[in-house]
Amino acid sequence: MTISRELPAPAAALENARTGQRSLSVVIPILNEARGIETLVERLRQALEKIGRPFEVIFIDDGSIDATLALLKRIHGADPRFKAVSFSRNFGKEIAVAAGLKYASGDGVVIMDGDMQHPPAVIAEFVAKWDEGYEIVYGQRRDRHTDPAMQRVFSRVFYRVFQKLSGTELPDGAGDFRLLDRKAVDALNTIGERSRFNKGLYAWIGFKTVGVPFDVAPRLDGHSRWQPRRLLRFALDGLASFTTLPLRVWSYLGLVVSAFAFFYAVVFTVKTLLWGVDLPGFPTLIVSVMFFAGVQLISLGVMGEYLGRVYEEVKGRPLFIVGERVGVALPQAEPAKHCACGEPRSPIP
Ligand code: UDP
Ligand code: MG
């Protein structure tokens, strides 16, 4: 389903009049992509210069162990509009994106992958929609043929379950490739969660949203970093951070089981009073003992999952550790807990 709310014409016109030279930041999480990075920079430069706005590109080097950082420094030397923040180790793509949003200073921020699966030419279409007044413009994948079949099935099931349980609607085929208006970026920057499920957060913050269809290109080089185990972890994190239903379901189950036990006790008493005691029933006993032991362990496990997450959040460690900054100023002071969304900040030089 596409989330899009049409703007009334006058509002759109007003936005257009104001849009003259809004600046763009492009945030790119990157992990060991040294071989493709120069091609990416070239294509980005072309695409962004064609758009004709002041821009900066911030690579978030997520603990690469190849020549990525050295290349990024060289690229920055040749063109200071290309900048980088390098993590002290690998923190994961979701956190890299969160860091990019903190460092970006543009009026609009584009998030894209660094493996050329997100074609830079689509950014112009995003900007056109942004100028119409939309605050979030997301790239909508036309199809998922570049993903393995298993992964496609898994993601379809996951999205169904996620929507049912969390009540947060995720637009179909929407990923990280998107443009966020400053208001949305500020809103996301107020979110301090450690286990981040960005797709859910984009939907959760709201704002006028529209999709732009695009074709996912094949990976320029290397292979996807997602392994089944990581994907499962990611899916669990996503669910746990958007719904507490798995916690509550045990109370309902407990109620049903207790009612059943009570009913059975009555039947049993009456039966004993009328016909006396008969002993058979051992298998029933064993099966029910084992069944309920299992149920209890599962419920404990679910509580453990949530408790672990609470512990992670409560420790309050920083979301990421920066090893090096290349041409990027420290982020502005942590935004207040309320969202001062869309407040003016210094222009990109
Ligand atoms: N990436 C990252 N940190 C990670 C894994 C991936 O910054 O721990 C980057 C990666 O370099 C790429 C983007 O995130 O630019 C998307 O990664 P990938 O292509 O592996 O994911 P997929 O396209 O399969 O979703
Ligand atoms: Mg990819």
Side-chain angles (χ1 to χ4, degrees), residues 26-41 43-44 57-72 75 82-104 109-120 122-123 138-156 158-159 170 172-178 194-200 202 214-235 237-238 319-324 326:
V26 179
V27 164
I28 307 181
I30 201 151
L31 173 66
N32 299 333
E33 308 275 8
R35 293 217 290 196
I37 206 163
E38 271 163 332
T39 324
L40 172 68
V41 165
R43 293 213 203 144
L44 257 178
V57 177
I58 304 182
F59 287 95
I60 309 293
D61 168 29
D62 189 10
S64 299
I65 48 170
D66 64 355
T68 299
L69 183 58
L71 274 174
L72 287 174
I75 291 164
F82 289 80
K83 310 167 183 180
V85 173
S86 176
F87 283 173
S88 59
R89 65 167 171 87
N90 179 256
F91 280 87
K93 180 185 165 186
E94 302 291 298
I95 290 182
V97 168
L101 294 181
K102 286 211 158 66
Y103 280 95
V109 179
V110 174
I111 303 170
M112 65 188 286
D113 282 359
D115 56 3
M116 291 294 293
Q117 288 198 285
H118 297 160
V122 181
I123 298 176
Y138 64 86
Q140 189 166 30
R141 306 174 59 158
R142 283 216 177 84
D143 74 73
R144 292 180 159 263
H145 64 274
T146 50
D147 286 349
M150 263 300 288
Q151 196 172 321
R152 271 180 278 171
V153 174
F154 180 83
S155 62
R156 184 145 339 131
F158 171 73
Y159 286 118
L170 300 181
D172 199 26
D176 272 320
F177 188 28
R178 56 182 64 222
R194 298 189 47 77
S195 59
R196 297 182 88 83
F197 182 62
N198 286 338
K199 275 182 219 178
Y202 299 138
F214 79 103
D215 288 310
V216 182
R219 236 177 175 285
L220 193 65
D221 182 60
H223 53 85
S224 169
R225 303 280 142 47
W226 291 109
Q227 296 127 7
R229 205 161 49 100
R230 224 169 151 177
L231 216 55
L232 186 70
R233 192 79 247 153
F234 181 62
D237 273 346
L319 203 55
F320 53 86
I321 309 277
V322 172
E324 220 172 311
V326 184

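Note that this is a predicted model, so its numbers are computed, not measured. In each ligand, atom 1 is the first atom listed, and ligand 1 is the first ligand listed.
- Listed here is the closest heavy atom pair of Glu324 and Leu69: OE1-CD2, 3.7 Å.
- Close approach of ligand 1 to Gly92 is summarised as follows: ligand atoms under 4.0 Å from at least one heavy atom of the residue are 8 (O).
- Rounding to the nearest 0.5 angstrom, the gap separating the CG atom in Asp62 from the CD1 atom in Ile28 is 14.0 Å.
- Around atom CG of Leu232, more than 12 heavy atoms belonging to other residues, nucleotides or ligands sit under 6.0 Å away.
- Taking the six-membered ring wherever Trp is involved, the centroid distance between the rings of Phe214 and Phe177 falls below 6.0 Å.
- Shown in contact with Asn90 at under 4.0 Å from a heavy atom are these atoms of ligand 1, numbered in order with element: 3 (N), 4 (C), 8 (O).
- Contact atoms of ligand 1 toward Gly114: 12 (C), 15 (O) (distance under 4.0 Å to a heavy atom of the residue).
- Taking 2.8 Å as the threshold, Asp115 counts as a candidate ligand of the Mg ion (ligand 2), since one of its N, O or S atoms lies below it.
- The Ile30 neighbourhood of ligand 1 comprises atoms 7 (O), 11 (O), with distances under 4.0 Å to a heavy atom of that residue.
- For the pair Ile60 and ligand 1, the shortest N or O to N or O distance does not fall below 3.5 Å.
- Looking at Ala96 next to ligand 1, no N or O pair under 3.5 Å apart turns up.
- With respect to Lys93 and Asp113, a salt bridge is recorded, a charged nitrogen being found less than 4.0 Å from a carboxylate O.
- To the nearest 0.5 Å, atoms CG (Asn198) and CD (Glu94) are separated by 4.0 Å.
- Here Glu33 has side-chain heavy atoms under 4.0 Å from ligand 1, and that is the only part of it that gets that close.
- The closest non-hydrogen atom to atom 2 (C) of ligand 1, taken over Ile37, Asp115, Asp176, Asp62, comes from Asp62.
- Taking both residues in full, the closest heavy atoms of Ala98 and Arg196 are given as CB-NE, 3.4 Å, listed atom of the first, atom of the second, then distance.
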